[in-house]
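First comes the structure, then the notes that go with it.
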Amino acid sequence: MSMLLIRGSFTVPAKSKPDGDTVPFVPDDVAEWKLVPGCRPILPEADGRAAIRLEGIDALETHYGQGASVQHQPIKLAHEAADELLKWLGFTSVERHDDETVTTTPSRVPGYILTRGSDAFGRCVAFVGRHTPPAYSGYEIGVSDDLLRRTGNYHLLSLGLAYPTFYEGLPGYLRDVLGAAALAARAAKSGVWADGVDVTTKGAKITGMSSLTAEDGAVILPKLFRRLKDYLELNPADPSVSCFPAFLGGAADEFRLQSDPSKLITGLQHIVEVTNGHTVRMTRQPEEIVFKEK
């Protein structure tokens, strides 16, 4: 598959809150944002930067929601993923503040992105690379297995610091490479795959929001966390998740299973089980699922 290559710098300006799957980027030629395809154009800040949402991965949430409803997943692992991404890109010092803003040394580092386009939120979805790019900026190049393995996306999966999360626009051969990295990390019991950490398919006991956000809270696929967080906020006084499958039906996430790609499924309730009114588990591993893009 060919993707647009853009050369520039990764930067962490004041009040920025980069996490394990999102980082600001400024092209050397800001006009190259206009080359990014997708349903919504990339609208950069005054300094030329825009947020890059890393393709193919989902890291634990350091901040999800708005205002007083902002929540996070178990923060130690969430911060580990975020800091590892920045250090891999070339930032030698990362200082994280209580409000999740970050100060780095240096203030920016050279690198590049490989993108197939923007998402429904106007974010540039991309693979991120460090140092000198493999080709000239502003042109589409083929993305090989080897080039993919040299990205920050692959790096985080290989350490078990992010979950594989695939969408239809990402071709199967690239999904296979990323999925293999996740499987290897799981076999090595690294990161979220360490013994007793991830409970996405084992089952998370939910007795309230703290079951998902405390340091000893349940570590689960971030997409499942976001759906649970939104559900629990509908009635904070009642932690029961008995009606969670109906909520998932209303959310209407569309996806296919890699084992049967011809069948489009609507609603995560088809692969999420609730038992005893308080335990939630997914019946499929993340790399088995391919979501339809909105």
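Along the sequence shown, the residues carry numbers beginning at 1.
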Cation-aromatic face contact Lys223/Phe291, 6.0 Å, 45 degrees: yes
Heavy-atom donor-acceptor pair, Asp29 side chain to Ile6 backbone, under 3.5 Å: no
Distance-only side-chain donor-acceptor flag, His155 / Glu84, under 3.5 Å: yes
Minimum side-chain heavy-atom gap Arg256-Ile265 below 4.5 Å: no
Heavy-atom check, side chain of Leu54 versus side chain of Leu85, under 4.5 Å: yes
Worked verdict on Val36 versus Cys124 for side chain to side chain contact (heavy atoms under 4.5 Å, CB included): CA-CA 8 Å; Val36 178; Cys124 182; 4.3 Å; yes
In one Ile/Leu/Val/Met/Phe/Trp/Tyr side-chain cluster, 4.5 Å: Ile42, Phe10: yes
Gln269 side-chain N/O to Ala246 backbone N/O, donor-acceptor pair under 3.5 Å: no
Distance (rounded to the nearest 0.5 Å) between Tyr154 OH and Leu147 CG: 13.0 Å
Straight-line distance of Leu183 CG to Ser158 OG, nearest 0.5 Å: 13.0 Å
Exam field: side chain Asp21 to backbone Ala59, donor-acceptor pair closer than 3.5 Å: yes
Leu77 and Val197, any side-chain heavy atoms less than 4.5 Å apart: yes
Gap separating the OG1 atom of Thr165 from the CD1 atom of Ile57, nearest 0.5 angstrom: 8.5 Å
Beyond-backbone contact of Leu224 with Met282, side-chain heavy atoms, under 4.5 angstrom: yes
Leu43 reachable from Leu4 in the ILVMFWY side-chain graph, under 4.5 Å edges: no
N-O pairing of Glu55 and Arg116 below 4.0 Å: yes
Hydrophobic cluster membership, Val199 vs Tyr231, 4.5 Å side-chain cutoff: yes
Reported CG-to-CE distance for the pair Leu170 and Met1, which is rounded to 0.5 angstrom: 7.0 Å
Glu32 versus Ser137, side-chain donor and acceptor atoms under 3.5 Å: yes
Minimum side-chain heavy-atom gap Leu86-Pro18 below 4.5 Å: yes
Single-linkage hydrophobic cluster Val125~Phe166, side-chain heavy atoms < 4.5 angstrom: no
In one Ile/Leu/Val/Met/Phe/Trp/Tyr side-chain cluster, 4.5 Å: Tyr136, Val143: no
Any donor-acceptor N/O pair, Trp88 side chain to Thr151 backbone, under 3.5 Å: no
Distance-only side-chain donor-acceptor flag, Ser240 / Ser242, under 3.5 Å: yes
Spatial distance of atom CH2 (Trp193) from atom CG (Asp198) [nearest 0.5 Å]: 4.5 Å
Shortest non-hydrogen separation from Leu60 to Pro74 and the atoms involved: CD1-O, 4.1 Å
Glu100/Arg96 ion pair, N-O < 4.0 Å: yes
Check: Leu148 and Asp145 side chains under 4.5 Å, non-hydrogen atoms: no
Gln66 atom CD, over 12 foreign heavy atoms within 6.0 Å: no
Salt bridge (Lys or Arg N to Asp or Glu O under 4.0 Å) assessment of Lys87 paired with Asp83: CA-CA 6 Å; Lys87 291 176 181 177; Asp83 294 351; 5.5 Å; no
Nearest heavy-atom neighbours spanning Trp33 and Pro27: NE1-CD, 3.2 Å
Intermediate values then yes/no, side chain to side chain donor-acceptor pair (under 3.5 Å), Glu95 and Thr104: CA-CA 6 Å; Glu95 181 181 359; Thr104 62; over 6 Å; no
Donor-acceptor contact present, side-chain Arg130 to main-chain Leu89, <3.5 Å: no
Salt bridge (Lys or Arg N to Asp or Glu O under 4.0 Å) between Arg227 and Asp253, intermediate numbers included: CA-CA 10 Å; Arg227 297 295 177 268; Asp253 291 287; 2.8 Å; yes
Test side chain to side chain contact (heavy atoms under 4.5 Å, CB included) applied to Phe25 and Arg49, step by step: CA-CA 5 Å; Phe25 179 78; Arg49 67 184 154 90; over 6 Å; no
Any side-chain heavy-atom pair of Val280 and Glu273 under 4.5 Å: no
Worked verdict on Ser259 versus Glu288 for side chain to side chain contact (heavy atoms under 4.5 Å, CB included): CA-CA 7 Å; Ser259 58; Glu288 298 179 61; 5.6 Å; no
Heavy-atom pair of closest approach, residues Glu140 and Ser2: OE1-CB, 3.7 Å
Full working for side chain to side chain contact (heavy atoms under 4.5 Å, CB included) between Glu254 and Glu293: CA-CA 8 Å; Glu254 294 182 295; Glu293 300 186 63; over 6 Å; no
Residue that, paired with Phe244, satisfies side chain to side chain contact (heavy atoms under 4.5 Å, CB included) out of Leu268, Val272, Ile206: Val272
Shortest non-hydrogen separation from Arg7 to Leu5 and the atoms involved: N-CD2, 4.1 Å
Non-hydrogen atoms of Ile52 and Ala126 that approach each other most closely: CG2-CB, 3.8 Å
Side-chain donor or acceptor of Ser9 paired with backbone N/O of Thr11 under 3.5 Å: no
N-O pairing of Glu61 and Arg226 below 4.0 Å: yes
Lys17/Asp99 salt bridge by N-O under 4.0 Å criterion: no
Qualifying side-chain hydrogen bond (donor to acceptor under 3.5 Å, both in side chains) pairs with a residue from residues 173-182, counting only residues at least two apart or across chains: none
Closest heavy-atom pair and its distance - Val94, Phe91: CG2-CB, 4.4 Å
Ser211 side chain to Thr207 backbone, donor-acceptor under 3.5 Å: yes
Whether Asn276 side chain and His278 backbone form a donor-acceptor pair below 3.5 Å: no
Salt bridge present between Asp58 and Arg53 (N-O < 4.0 angstrom): yes
Donor-acceptor pair, side chain of Gln71 and main chain of Gly65, under 3.5 angstrom: no
Side chain to side chain contact (heavy atoms under 4.5 Å, CB included) partners for Pro286, two or more places apart: Tyr163, Pro164, Arg186, Leu221
Pro24 and Ser16, any side-chain heavy atoms less than 4.5 Å apart: yes
Spacing of Leu212 atom CG and Leu232 atom CG [to the nearest 0.5 Å]: 6.0 Å
Donor-acceptor contact present, side-chain Arg281 to main-chain Thr201, <3.5 Å: yes
